[in-house]
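Below is one structure; the comments refer to it alone.
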Amino acid sequence: MSSHDWRAATRRMRQVMAGETPDRVPFLFDLQEDVTCRVVGATVRELLTDAERLAEAAIQTAEFFGQDSVGVMGAYAGPYEALAFAKVNDKENLFHWYDYATPFIDTGKLCATADDIRNLRIPAHGEIEPWPTLFRAARLVEEETGVERSTFDPSLTWSNIQMFRGAQAYLDVRREPGLLLELCEKIYESQMDLYRSQCELMGHKPTSIVNAQYAFNKTMLGFEDAWKFEGQFVVRMCKETGLPLLIHNCGFEPYWEELVTRLIEEGVVVLAVNGSHPLDLDEWVRFRATFPEIAIYGASIFINAELENGTPEDVEERVRQNIVALGPSGRFVVTPTCSAHWRNPMRNLLAVRSAVEKYGYYPINVDA
Amino acid sequence: MPSHSSSARLLIFSGFLGSGKTTLIIELAKQLAAAGDSTCFVVNEAGEVGVDQQTMRDLSLDVWEITAGCICCQLGANLVTTLHEIIGGLHPRFVIIEASGLAVPIGILEALAHYHGAPFAARNVVTVVDPTRLQVLFDVVGPLVRAQIAQADEIVISKGDQASIEEVAYAEKMIQELKPHTQPWRVAATDDSSLRPLLARLATGIDG
């Protein structure tokens, strides 16, 4: 049985989402595969082929960092969604495994041609590995910790488009928009299959969607193009599933305000935002003032800044600044963004929790 | 951290996906190898680069892969630590970084602010522009492409053997608007004579 106080952790997260004041600011990490592998001493493939071991690794890692949430490595529609597509389309050779790093698919080769898109087969996520293993592990984590997996983590749509279609997708936006929308529809269909598989294999419905809004970045697509090829599909999924949304956007210039405003206008309940940018905390304070009901997971704690190149003291100071700026008004979770990775020194990763313990208890001491 | 001067020259290759960065780097690598210059090549392993890394190694490039699971964040992840290891351990004459096609150079330069190893002898951004797609890319990903051009020290117009006169003229006009007084290099991978002056410039160093 776990010694970590998962009940207290769960209460903290629920209170924050409900707009209540918890005992302290909750904290969680988004971790790349290599970090989990480093903590538990196993390779990516060893974990992804053994649900019991994967579940144990998830819990062990979350407890090692003292997190208030536990996530199963890989259980989001990232590279393993690409793997599922590669498998059912007989292109598994495009996928590259590493023992201690995130695997990837060769960009733009899965859907290199229009025929590739038209003939693209959708994976059955309840059968194509590693998805059944990932969901079995998630269920084991629930049983062990009592923490119900509350989120569904799709990838609508641009990060999948980017992986499948590559640079050609940017030309398609103007030259072949119909073809690109055809690919978007297939990705949507696939993500809904993933959703149904999660519900079935986990035995319950999630309570929110966490989507990576990759297109909504000012150095990526224009807002209306991003809406056409990504945003409208997010709205559709929220309506079809009846679930609220947590937006993950780790781009360098996200359209935070425009996107949240448009989603709300379209009837989507936006529960929370999660991103590392802007790095200027004042902009997050302004966001909070504009959208006081929306929780902030972050905020400007960037995994490639102090966490990679600074000292533990630098990390603690950055976390302290975030807590002081956003903690007092509530609805705030300390979450370095995007994913903590191999090159983040362990002492810096551990400094995040240390700062939360020092500065995160309510009432927040803003003079700290 | 060491503070002695490094003789390494840092070349950061920027440019949208498929603009011809890798082709240019391979040609440069051949030239550097022929001159006996030790070169390290830093590349993302997120699936963008379409060339077998063994090809790079055959050209005497010491290839360093920087891992990053997230295609949004791959820009600066691991870069600084990797540079510390390269400069501190290998003392190469050249370090070539192939940036993600979705990266703006300033992001890499900001990440380099955390680099505290031996200073580079020169540090330059080379942006490769594909004239055959530039007009549509300005329309679709304008801020990104504009930033890649505006933040460059040297600009290369690639695919001279595929682009029309109008496409090249358009590229030159836009470059002049974004980076006045810049003389872009016009190259074609199939035409050695167009590459030679650029490669000589890159190989001997830019001190701008």
Side-chain angles (χ1 to χ4, degrees), chain A residues 30 32-34 78-79 82 94-96 98 100-109 158-159 162-163 166-175 212 214 217-222 225 248-254 275-277 302-306 308-310 337-339 341-345, chain B residues 1 15-19 44-53 65-85 100-104 106-108 110-116 130 132-148:
Chain A
D30 218 352
Q32 275 184 24
E33 286 83 343
D34 45 32
L94 298 179
F95 197 78
H96 303 277
Y98 288 95
Y100 302 102
T102 306
F104 67 88
I105 192 162
D106 289 335
T107 302
K109 293 187 178 169
W158 202 259
S159 67
Q162 170 70 36
M163 280 193 288
Q168 185 60 38
Y170 295 87
L171 306 180
D172 293 340
V173 167
R174 288 289 172 277
R175 293 177 180 169
Y214 185 50
N217 186 356
K218 286 170 190 164
T219 58
M220 195 65 64
L221 296 183
D225 285 329
H248 171 85
N249 188 330
C250 52
F252 285 79
E253 292 185 61
S276 54
H277 288 71
F302 186 32
I303 47 99
N304 293 341
E306 292 87 356
E308 183 183 344
N309 302 304
T337 306
C338 177
S339 309
H341 53 77
W342 174 261
R343 292 288 192 184
N344 295 134
Chain B
M1 286 295 174
F16 195 72
L17 303 160
S19 59
N44 280 301
E45 58 176 22
E48 254 181 45
V49 177
V51 65
D52 182 352
Q53 290 184 12
E65 300 161 348
I66 52 178
T67 62
C70 173
I71 50 182
C72 271
C73 293
Q74 63 188 339
L75 173 67
N78 310 333
L79 178 62
V80 173
T81 320
T82 302
L83 286 177
H84 281 138
E85 288 167 359
S100 158
L102 300 172
V104 286
I106 194 75
I108 291 180
E110 282 173 0
L112 289 176
H114 296 282
Y115 171 78
H116 301 299
D130 172 4
T132 66
R133 306 181 305 170
L134 190 59
Q135 201 156 0
V136 69
L137 290 179
F138 264 127
D139 184 23
V140 176
V141 280
L144 173 65
V145 177
R146 285 171 200 275
Q148 288 177 338

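Each chain gets a letter, A, B and so on, in the order its sequence line appears, and its residues count up from 1. The figures here come from the full heavy-atom set of this structure, side chains too, leaving out hydrogens, waters and symmetry mates.
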Smallest separation among heavy atoms of A/Leu171 and B/Arg133, with atom names: CD1-CD, 3.6 Å

Nearest heavy-atom neighbours spanning A/Tyr170 and B/Leu17: CE1-CD1, 3.9 Å

Side-chain heavy-atom pair B/Val141, A/Thr219 within 4.5 angstrom cut-off: no

A/Phe252/B/Leu144 under side-chain contact (heavy atoms from CB on, under 4.5 Å): CA gap, chis, key distance, verdict: CA-CA 11 Å; A/Phe252 285 79; B/Leu144 173 65; over 6 Å; no

Shortest non-hydrogen contact between A/Arg343 and B/Thr81, atoms and distance: NH1-CG2, 3.7 Å

Within-4.5 Å side-chain heavy-atom neighbours: B/Val104 and A/Glu253: no

Most chain B-contacting option - heavy-atom pairs closer than 4.5 Å, from A/Ala305, A/Ala167, A/Gly78: A/Ala167

Gap separating the CG atom of A/Asn309 from the NE2 atom of B/His116, nearest 0.5 angstrom: 7.5 Å

Beyond-backbone contact of B/Leu102 with A/Tyr214, side-chain heavy atoms, under 4.5 angstrom: yes

